[in-house]
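Please read the structure below before turning to the comments.
The first residue in the sequence is number 1, and the count goes up from there. All figures in this text were calculated on a predicted structure; none of them were measured in a lab.
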Amino acid sequence: MSWQIRIEHSTGYRYATPVMSSYNEVRIIPQTAASQLTLEATVRTEPAASTYRYWDYWGTQVTAFDLHTPHTELVVTGRSIVQTAPAPQPPTDVPTWERLGADPVADEFVEYLRPSASTPEHDELTAAARELVARHGPRDFIPAVGDWVRERLAYRRGTTGVHTSAVEAWRRREGVCQDFAHLALVLMRAAGMPARYVSGYQHPSAQAEVGETVEGQSHAWVEGWLGRWWGFDPTNAVPAGEQHVVVARGRDYNDVPPVRGVFSGGTSTSLGVTVAVTRLA
């Protein structure tokens, strides 16, 4: 059954001294694609600023703005209504490992096969990927990777940051959804499967009541190429479905940060992030 979800995402910063100018990019507008339709989307800033939108290299809609009046706080709020679809099954006509490793796939998806800043190569992780390949075909490989990651990472908030790599989280044996996704990507790419990072939101309850607003969360999961892209949430051991709202895709977190910017002024302190989600239908 498809869902209709309202999301309100607010994030902000407080500055030690007045900021005279700042330049910002925001990635918080959900995408419209085959399994998801964005019905409404707005981005507001405090102080108010004129915004413009463009699509980046990875296909993510970016809201950009700059401020040139003194301010000691900046708050960005995105509101959207999205219709999502149930989780699809993996495709039945999945390429073999040999076909995934052939030149046409490697050429088309080279950016989703190479290591990145947050998903570096590591000999032990490459060996683990090869062991999983020996036991699983491509169709069953992605859930098996999710099992492997969850057996080795404990979910603990505040233990890692946005610049923590998959290898660092694996060594610590703990992390958050971003780390689960990054570690899964290392294994998938080491196996020769094109894989990309997905950021967005997740409604926390599969039995959500219509009209009830609850605390949501920014979330991350992965998509692997099985003849078409198929999404899987390694943190929760489920395919990406009606509870998942896609905002951005890329090689890793560094391609999809919700807010990125530069400013002139004193040091900044985060005001935190709040996400409220409501199932409307």
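Cation-pi geometry between Arg249 and Trp58 is not met at under 6.0 angstrom from the ring centre and within 45 degrees of the axis. Note that Arg99 lies outside the cation-pi zone of Trp97, set by a 6.0 Å cut-off to the ring centre and a 45° limit from the axis.
Atom-to-atom distance recorded for Ile7:CD1 and Thr38:OG1 is 8.0 Å, nearest 0.5 angstrom. Atom OG of residue Ser268 and atom CZ of residue Phe263 lie 4.0 Å apart, to the nearest 0.5 angstrom. In this structure, CG on Leu187 lies 11.5 Å from NE2 on His122, to the nearest 0.5 angstrom. Distance CG/Asp255 to CZ/Arg196: 12.0 Å, rounded to 0.5 Å. A distance of 8.5 Å separates CG in Asn236 from CZ in Arg150, rounded to the nearest 0.5 Å. Of the inter-residue distances, the one linking Thr60 atom OG1 with Tyr54 atom OH reads 10.0 Å to the nearest 0.5 angstrom.
A salt bridge links Asp56 with Arg27; the closest basic N to acidic carboxylate O contact falls under 4.0 Å. Residues Arg79 and Glu40 are not paired through a salt bridge, judged by the lack of any N-O separation under 4.0 Å between the basic side chain and the carboxylate.
Between the side chains of His219 and Asp233, a donor-acceptor pair is found at a separation under 3.5 Å. Side chains of Thr119 and Asp252: a donor-acceptor N/O pair is absent below 3.5 angstrom, by distance only. With 3.5 Å as the limit, one finds no donor-acceptor pair spanning the side chains of Asn254 and Ser116.
Ile29 places none of its side-chain heavy atoms less than 4.5 Å from the side chain of Val247. Between Thr84 and Gln4 the shortest side-chain heavy-atom distance does not fall below 4.5 Å. Contact check for Thr72 versus Val19: no side-chain heavy atoms found under the 4.5 Å cut-off. Residues Gln83 and Trp3 fail the side-chain proximity criterion, which asks for heavy atoms closer than 4.5 Å. Side chains of Tyr15 and Glu73 form no contact here, defined as non-hydrogen atoms less than 4.5 Å apart. In this structure, the side chains of Val275 and Gln217 stay at 4.5 Å or more apart for every pair of heavy atoms. In this structure, the side chains of Val110 and Glu108 stay at 4.5 Å or more apart for every pair of heavy atoms. Between Tyr23 and Leu67, the closest side-chain pair of non-hydrogen atoms is not below 4.5 Å.
Between Pro194 and Val105, the shortest heavy-atom distance links the atoms CG-CG1, 3.8 Å. Here the closest heavy-atom approach between residue Pro138 and residue Met193 is recorded as O-CE, 3.8 Å. Taking both residues in full, the closest heavy atoms of Thr159 and Arg156 are given as OG1-O, 2.9 Å, listed atom of the first, atom of the second, then distance. In terms of heavy atoms, Ala129 sits closest to Ala191 at CB-N, 4.2 Å. Taking every heavy atom of both residues into account, Gly231 and Glu223 meet most closely at CA-CG, 3.6 Å. Closest approach of Glu242 to Ala87, counting heavy atoms only: OE1-N, 3.6 Å.
No donor-acceptor pair closer than 3.5 Å links the side chain of Thr160 to the backbone N or O of Thr164. Checking side-chain atoms of Arg172 against main-chain N and O of Glu174 turns up no donor-acceptor pair under 3.5 Å. Under a 3.5 Å cut-off, the side chain of Gln178 and the backbone N or O of Gly161 do form a donor-acceptor pair. In this structure a side-chain-to-backbone donor-acceptor pair under 3.5 Å is present from Glu168 to Ser165. Side-chain N or O atoms of Gln36 include one that pairs as donor or acceptor with a backbone N or O of Gln31 at under 3.5 Å. The main-chain N or O of Thr69 is found under 3.5 Å from a side-chain atom of His71 such that the two form a donor-acceptor pair.
Aromatic ring orientation, Trp225 versus Phe109: tilted (interplanar angle from 30° to 60°).
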Passes side-chain contact (heavy atoms from CB on, under 4.5 Å), Val82 versus Leu39? Steps please.
CA-CA 6 Å; Val82 183; Leu39 303 173; over 6 Å; no

Which is it for Val43 and Thr77 under the side-chain contact (heavy atoms from CB on, under 4.5 Å) test, yes or no, and what are the steps along the way?
CA-CA 6 Å; Val43 176; Thr77 302; over 6 Å; no

Quick one: do Thr278 and Ile5 satisfy side-chain contact (heavy atoms from CB on, under 4.5 Å)? Show the steps, please.
CA-CA 6 Å; Thr278 308; Ile5 304 174; over 6 Å; no

Before you tell me yes or no, could you show the steps for Ser21 and Ser264 under side chain to side chain donor-acceptor pair (under 3.5 Å), namely the whole-Å CA-CA distance, both residues' side-chain angles and the distance that decides it to 0.1 Å?
CA-CA 6 Å; Ser21 61; Ser264 63; 3.2 Å; yes

Verdict with supporting geometry, Leu74 and Asn24, side-chain contact (heavy atoms from CB on, under 4.5 Å):
CA-CA 11 Å; Leu74 171 63; Asn24 307 275; 3.9 Å; yes

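Using a 4.5 Å cut-off between side-chain heavy atoms of Ile, Leu, Val, Met, Phe, Trp and Tyr, with links allowed through other members, Val246 and Tyr201 fall into different hydrophobic clusters. Follow the hydrophobic side-chain contacts under 4.5 Å out from Val176 and you reach Val167 in the same cluster. When the side chains of ILVMFWY residues are joined at heavy-atom separations under 4.5 Å, either directly or via intervening members, Val259 and Val198 end up in two distinct hydrophobic clusters. Val149 and Trp230 fall within the same hydrophobic cluster, where Ile, Leu, Val, Met, Phe, Trp and Tyr residues are linked whenever their side-chain heavy atoms come under 4.5 Å apart, directly or through other members. Hydrophobic clustering (ILVMFWY, side-chain heavy atoms < 4.5 Å, transitive): Leu100 and Val133 are in one cluster.
In the displayed structure, Asp107 atom CG is contacted under 6.0 Å by more than 12 heavy atoms of other residues, nucleotides or ligands. Heavy atoms of other residues, nucleotides or ligands lying less than 6.0 angstrom from CZ of Arg44 number 12 at most. In Arg14, the CZ atom is not crowded: 12 or fewer heavy atoms of neighbouring residues, nucleotides or ligands sit closer than 6.0 Å. Enclosure of atom CZ in Arg152 by more than 12 non-hydrogen atoms of other residues, nucleotides or ligands within 6.0 angstrom is indicated.
Shown are Trp221, Tyr197, Trp170, Tyr253; of these, the ring pair (Phe, Tyr, Trp, His ring centres under 6.0 Å) with His182 is made only by Tyr197.
For an aromatic pair to be called close, the ring centres must be under 6.0 Å apart, and Tyr52 with Phe65 fails this. Between Phe232 and His244, the ring center distance fails the sub-6.0 Å criterion. Taking the six-membered ring where the residue is Trp, the centroids of Trp229 and Tyr112 are separated by under 6.0 Å.
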